[in-house]
Number of protein chains: 2
Amino acid sequence: MPLDSKTLCLGALDAGFNTGYDIRKAFENGPFQHYQSLSYGSIYPALNALLAEGLVTCRPHSQDGRPDKKVYTITEAGRSALRAALLQPLEFDRLRSGFMFALSFAHRMAPGELSRLLDDYIRGHYDLADELARIDGVTTPGDRFLIRMGADVCRAWGRWIEENRAALEHDIQAYRTARVPLRDGTHG
Amino acid sequence: MPLDSKTLCLGALDAGFNTGYDIRKAFENGPFQHYQSLSYGSIYPALNALLAEGLVTCRPHSQDGRPDKKVYTITEAGRSALRAALLQPLEFDRLRSGFMFALSFAHRMAPGELSRLLDDYIRGHYDLADELARIDGVTTPGDRFLIRMGADVCRAWGRWIEENRAALEHDIQAYRTARVPLRDGTHG
DNA sequence: CAACTCATGTAAGCTGTTACATGATTCG
DNA sequence: CGAATCATGTAACAGCTTACATGAGTTG
């Protein structure tokens with residue numbers, strides 16, 4: 001089962017983000033940014049739907065100088081719905097990787113092009129690992145676990161590529177040699 | 001830049017899949033299945049668009065007993081377009097993970113529920129690693145690299161969770177103790 | 001004989017994003 | 001003084017998936 005925008009909003013509300021604006025930040029720069037996304041166009045309609053279903057309550061909050069906001073609170077029914085959704089068999093993680101697709105055409109690339117692609121991918125993983133390591137103020141055990149996991153897995157991933165990129169380059173050499181045989185067959 | 005359906009079809013064609021039906025298999029069960037997806041509704045219109053742009057050619061192929069098929073061939077212009085698309089700065093890998101979202105609410109789960117979630121996630125990684133290791137008949141260096149990378153990273157990921165799940169459970173205990181202090185303060 | 005494979009294609013629908021409208025305030 | 005931040009909301013659009021139409025042949 002895919003996690004839909006309503007469930008994601010419910011989760012964000014449960015995690016302490018209590019306005020539409022704040023929920024967006026949770027998915028843009030906040031704790032969910034690395035494994036889910038959600039934008040205004042989905043959030044506001046979702047909150048209204050949740051309100052109609054009684055899964056959240058809402059009270060307007062006037063502020064001086066700033067626009068009024070609507071502060072949402074998850075209800076008991078909402079918490080049950082969230083739990084139920086999270087316990088349902090989850091869809092397996094969906095990875096959409098342009099790098100991998102590109103890498104599957106490594107044999108079509110010039111050495112410099114491939115090198116740049118790998119450099120970018122390695123750097124991307126190390127940067128993400130560093131970014132995760134720098135996060136602080138994380139309050140829940142699950143988030144702490146996920147951050148450590150992300151950082152360690154990203155580092156291991158980057159290291160794996162560094163350790164195996166030479167083998168890839170050799171394999172490409174061999175592949176090309178096999179496909180474009182030497183004209184002079186007397187040697188090797 | 002995201003890889004659109006036309007570029008993905010061009011790639012599949014370059015990789016040797018030469019009908020709409022075969023291209024779908026490449027994304028459903030074939031070499032691209034783990035990092036991209038594409039279905040009929042996108043493939044057939046994309047092929048027609050590519051044909052109109054001169055990036056592919058097409059000749060009908062009659063078969064006895066089976067429906068006629070259209071065999072597509074990528075042109076030189078098509079190969080250039082594919083290369084150009086792959087060299088463009090790629091969007092960073094997008095991970096949509098229901099497991100991670102669920103795990104961020106680990107402190108709300110009963111021990112058995114959390115345990116099942118982690119078991120499923122670990123098993124999913126080991127299963128994928130095994131599945132990748134079982135693949136044979138891979139002809140290009142890039143694909144061989146990706147398969148080894150996927151298998152090794154998945155195994156390392158699964159191992160990481162096994163080695164750190166106890167820490168998560170302890171952290172949850174500590175979190176709950178801090179939030180629901182003992183009524184009798186005289187002991188520990 | 002039901003169900004699946006081969007094979008192309010379209011229409012409807014779902015889900016989500018982008019961009020805009022609105023408007024005060026604060027920061028550089 | 002322009003740009004960003006706070007704050008809600010909608011309309012238009014993009015992109016992809018699902019389901020269907022069609023139909024012969026094969027597998028269990």
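By convention in this document, chain letters (A, B, ...) are assigned in the order of the sequence lines, proteins followed by strands, and residues within each chain are numbered from 1. On a predicted model such as this, the values are computed, not experimentally measured, just so you know.
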Contact check, residues 47-61 of chain B vs DNA chain C, heavy-atom distance under 4.0 Å, returns none
List the protein contact pattern of nucleotides 21-28 of chain D with one symbol per nucleotide (5' to 3'): B for base contact, S for sugar-phosphate-only contact, - for none; contact means a heavy-atom distance under 4.0 Å.
--B-S---
Contacts of Glu163(B) that satisfy salt bridge (Lys or Arg N to Asp or Glu O under 4.0 Å) - sequence neighbours left out
none
With sequence neighbours left out, write down each residue that passes salt bridge (Lys or Arg N to Asp or Glu O under 4.0 Å) with Arg148(B), or none if nothing qualifies.
none
Comparing Asp22(B) with Pro45(B), nearest DNA chain C nucleotide closer to 5' gives the residue Asp22(B)
Sequence-distant partners of Phe27(B), ring pair (Phe, Tyr, Trp, His ring centres under 6.0 Å), two or more places apart
Phe32(B)
Ignoring the backbone of Tyr21(A), work out which of dT8(C), dT5(D), dC16(D) is nearest its side chain.
dT5(D)
Would you say Lys25(B) places a side-chain N or O within less than 4.0 Å of OP1 or OP2 belonging to dA7(C)?
no
When the aromatic ring centroids of Phe101(A) and Phe105(A) are compared, is their separation below 6.0 Å?
yes
Any residue of residues 28-42 of chain B with a heavy atom less than 4.0 Å from an atom of DNA chain D
Ser37(B), Leu38(B), Ser39(B), Gly41(B), Ser42(B)
Any heavy-atom pair between the side chains of Tyr21(B) and Lys70(B) that's under 4.5 Å?
no
Minimum side-chain heavy-atom gap Arg165(B)-Ser115(B) below 4.5 Å
yes
Please round to 10 degrees the angle between the axis of the first five pairs and the axis of the last five pairs in the helix from dC1(C)-dG28(D) to dG28(C)-dC1(D).
50°
Please tell me if Gln63(A) has a side-chain N or O lying less than 4.0 Å from either OP1 or OP2 of dA7(D).
yes
For the side chain of Ser5(A), starting at C-beta, report the closest nucleotide among dG16(C), dG9(C), dA7(D).
dG16(C)
More than 12 heavy atoms of other groups within 6.0 Å of Gln173(B) CD
no
Scan for ring-ring contact (aromatic ring centres under 6.0 Å, His included) pairs involving residues 43-74 of chain A, sequence neighbours excluded, and state none if there are none.
Tyr40(A)-Tyr44(A)
Would you say Tyr35(A) and Asp93(A) make side-chain contact, with heavy atoms under 4.5 Å?
no
Sorted by chain and residue number, the side-chain contact (heavy atoms from CB on, under 4.5 Å) partners of Arg83(A) (sequence neighbours excluded) come out as Leu87(A), Glu113(B)
Among all residues two or more places apart in sequence or in another chain, which pass the salt bridge (Lys or Arg N to Asp or Glu O under 4.0 Å) test with Glu28(A)?
none
Listed by chain and number, what are the salt bridge (Lys or Arg N to Asp or Glu O under 4.0 Å) partners of Asp120(B), not counting sequence neighbours?
Arg116(B)
Mind listing the residues from residues 82-93 of chain B sitting with a heavy atom below 4.0 Å of DNA chain D? Number order is fine.
none
